[in-house]
Amino acid sequence: MSGPHILQPAGRDDPELEKRLSDELDAINNAAIGVDDETPLSIRVTDADGELVGGITGYTWAGCGGISSLWLAPHLRGQGLGARLMAAAEEEIRRRGCDRVVVSTMSFQAPDFYPKLGYQQVGLLPRMPGESAKHFFLKSLT
């Protein structure tokens, strides 16, 4: 009788493994929650030439919205565009029937940005690389 074989790392990137693990965990999560409505969310910011200079990605699932990434080119930061992107994402998340949004950021990124938009810090993970911390935020949309 042969059991599972534990393989050694084969490299840094394994898209097939990543997709399979994600699909398997999604099936477990959807069965536990009873909802299978995860939908991607994305908003692009382009300049006059059509070059990508920023954007936001995330998802909606089971009444909750999540922001995965928010990025703006350095020359666009500090002008209110990040707040406008978040407002647009929240509007779409609300339109999809969600009543809350979650987001996380590193201490060297934007932990002071989200509270200005009405987000409450709900968690902190210390001892991340470079003596940083990961901050977790939640905002009610009701």
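Sequence positions, counted from 1, serve as the residue numbers for this chain.
Heavy atoms only, all atoms of each residue included: A62 and D37 are closest at N-OD1, 2.9 Å. In terms of heavy atoms, S104 sits closest to F136 at CB-CD2, 3.7 Å.
Around CD of Q120, the count of heavy atoms belonging to other residues, nucleotides or ligands within 6.0 Å does not exceed 12. For CZ of R77, the number of neighbouring non-hydrogen atoms (other residues, nucleotides, ligands) closer than 6.0 Å is greater than 12. Other residues, nucleotides and ligands place no more than 12 heavy atoms under 6.0 Å from the CD atom of E131. Heavy-atom neighbours of Q121 CD from other residues, nucleotides or ligands within 6.0 Å: above the threshold of 12.
Using a 4.5 Å heavy-atom threshold, the side chains of R100 and L141 count as separate. Y59 is not listed as a side-chain neighbour of T39, based on a closest heavy-atom distance of 4.5 Å or more. The side-chain heavy atoms of T105 and L70, taken from C-beta on, include no pair separated by under 4.5 Å.
Under the 30°/60° scheme for interplanar angles, the aromatic rings of Y114 and F137 are found to be tilted.
A donor-acceptor pair is defined here as one N or O able to donate and one able to accept, closer than 3.5 Å; no such pair exists between the side chain of T142 and the backbone of D99. Between the D47 side chain and the D49 main chain, a donor and an acceptor come within less than 3.5 Å of each other.
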Validation: residues 20-29 side-chain donor-acceptor distances under 3.5 Å, sequence neighbours left out:
from : atom 1 : to  : atom 2 : distance (Å)
R20  : NE     : E24 : OE2    : 2.7
R20  : NH2    : E24 : OE2    : 3.3
D23  : OD1    : K19 : NZ     : 3.4
D23  : OD2    : K19 : NZ     : 2.7
N29  : ND2    : L25 : O      : 3.3

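Between R95 and E92 a salt bridge is recorded (basic side-chain N to carboxylate O distance below 4.0 Å).
Residue L117 holds its CG atom at 11.0 Å from CG of L85, rounded to the nearest 0.5 Å. Distance check: K134 NZ to L124 CG gives 11.5 Å after rounding to the nearest 0.5 Å.
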